[in-house]
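To start, the structure itself, in structure tokens.
Since this is a predicted model, take the numbers as computed values, not measurements. The figures that follow rest on heavy atoms only: side chains count, while hydrogens, waters and symmetry mates do not. Order of appearance sets the numbers: ligands from 1, and atoms from 1 within every ligand.
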Amino acid sequence: MLPQIGETGQEKLGSARVLIIGLGGLGSPAALYLAAAGIGELHLVDGDQVDISNLQRQVLYKTNHRDKDKAVVAAQQLTATNPEVRVHAHSRMADEAWLSALLSEQNFDVVLDCTDNLNIRHIINRVCRAQKVAVVMASVRGFSGQLVSFDFRSSDSPCYACLFPPAGETTDLPEAENCATVGVIGPALGMIGSAQALEAIKSIVGLPFTSLNQLQLFEAGSLEWRSLGLSQNSTCPVCG
Ligand SMILES: [Zn+2]
């Protein structure tokens with residue numbers, strides 16, 4: 001019924017293929033909204049099992065899912081939401097070789113980075129850029145959220161490493177700073193994960209999406225959004 005989407009837009013959603021990496025606090029709401037919107041095919045990547053401590057923020061899972069593979073449970077939950085979506089569960093962590101192979105064999109319209117690991121984020125950035133696929137990235141720490149998208153079908157697109165150059169390969173900062181150790185306010189993940197689904201839908205139906213080449217910063221305490229424009233960094237180790 002929305003004039004911005006219409007029948008043509010709904011058909012585009014129905015024939016779209018989306019990859020969601022990380023089915024935690026961001027991936028849960030993002031996947032639910034994309035399944036409900038009638039995305040044709042969803043691929044879900046997560047190597048973790050459900051823990052009771054996840055339920056504060058990972059709204060796909062219930063207490064009876066404890067110790068089960070997140071990707072498998074998420075696929076069941078999304079199929080229950082919309083049986084017409086073809087859902088593929090990949091119960092594993094995304095490494096560079098595997099992700100490259102998946103992206104070259106599947107023609108994804110957009111990738112959602114819903115992980116909370118900086119090393120994996122840099123891998124997703126490199127692989128999506130090499131394969132010319134659009135990506136919507138997000139993270140939330142405490143009360144602060146970030147959202148940014150890149151469309152690598154455009155050769156002059158900036159990338160995540162233009163903004164945050166990768167640290168040394170041996171850093172263990174991502175583990176030290178993830179949601180499980182720093183803490184995060186659950187509804188902020190709901191907002192940012194929903195915003196990722198929103199941006200993915202806009203990119204699929206061809207609407208302008210605000211987070212493209214724009215770092216969107218959200219503060220849950222004040223409910224304020226700020227936006228920083230990005231351009232390609234000539235010294236970027238990935239795209240410069
Ligand atoms: Zn770059």
Side-chain angles (χ1 to χ4, degrees), residues 16-22 24 26-27 30 43 45 93-141 144-179 192-193 195-204 206-219 225-240:
R17 192 176 281 164
V18 177
L19 173 63
I20 302 177
I21 306 171
L26 292 167
H43 285 247
V45 183
M93 291 298 176
D95 63 45
E96 192 147 2
W98 180 80
L99 197 57
S100 288
L102 183 70
L103 261 68
S104 59
E105 90 195 19
Q106 306 283 341
N107 198 16
F108 290 112
D109 293 271
V110 58
V111 173
L112 268 62
D113 171 13
C114 301
T115 64
D116 63 352
N117 182 304
L118 201 52
N119 287 335
I120 296 176
R121 176 149 306 151
H122 279 293
I123 289 172
I124 294 168
N125 180 61
R126 285 196 295 271
V127 173
C128 287
R129 183 172 182 278
Q131 310 257 354
K132 299 184 167 49
V133 181
V135 61
V136 183
M137 299 177 156
S139 68
V140 181
R141 293 281 177 278
S144 303
Q146 293 185 358
L147 174 70
V148 65
S149 303
F150 302 106
D151 188 348
F152 295 121
R153 288 169 298 185
S154 156
S155 59
D156 60 354
S157 171
C159 81
Y160 188 76
C162 292
L163 180 63
F164 299 112
E169 294 294 322
T170 56
T171 178
D172 56 9
L173 195 67
E175 266 69 46
E177 278 201 357
N178 67 27
C179 284
I192 303 293
Q196 284 185 280
L198 180 63
E199 296 301 83
I201 288 171
K202 289 186 205 166
S203 111
I204 291 163
L207 289 169
F209 53 120
T210 316
S211 64
L212 184 66
N213 305 339
Q214 297 268 339
L215 179 65
Q216 306 282 330
L217 302 166
F218 174 70
E219 277 303 324
W225 285 92
R226 283 185 302 137
S227 159
L228 297 170
L230 305 174
S231 52
Q232 211 169 34
N233 178 348
S234 58
T235 63
C236 174
V238 176
C239 73

Steps toward side chain to side chain donor-acceptor pair (under 3.5 Å) verdict (Glu199, Ser211): CA-CA 7 Å; Glu199 296 301 83; Ser211 64; 2.8 Å; yes
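- Protein N/O/S atoms found under 2.8 Å from the Zn ion (ligand 1), listed by chain and residue number: Cys159 SG, Cys162 SG, Cys236 SG, Cys239 SG.
- Put simply, the side chain of Asp109 never gets that close to the backbone of Val18: no donor and acceptor are under 3.5 Å apart.
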Donor-acceptor pairs under 3.5 Å, side chain of residues 130-139 to any protein atom, not counting sequence neighbours: which ones?
from   : atom 1 : to     : atom 2 : distance (Å)
Gln131 : NE2    : Ser100 : O      : 3.1

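- Note on ring orientation: taking the six-membered ring where Trp is involved, the planes of Phe150 and Phe152 are parallel (angle under 30°, cut-offs 30° and 60°).
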Report all side-chain donor-acceptor pairs from residues 230-240 shorter than 3.5 Å, counting only partners two or more places apart or in another chain.
from   : atom 1 : to     : atom 2 : distance (Å)
Gln232 : NE2    : Ser157 : O      : 3.2
Asn233 : OD1    : Thr235 : N      : 2.9
Asn233 : OD1    : Thr235 : OG1    : 2.9
Asn233 : ND2    : Cys162 : O      : 3.4

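- Residues satisfying the side-chain contact (heavy atoms from CB on, under 4.5 Å) test with Ala200, not counting sequence neighbours, are Leu34, Val110, Leu112.
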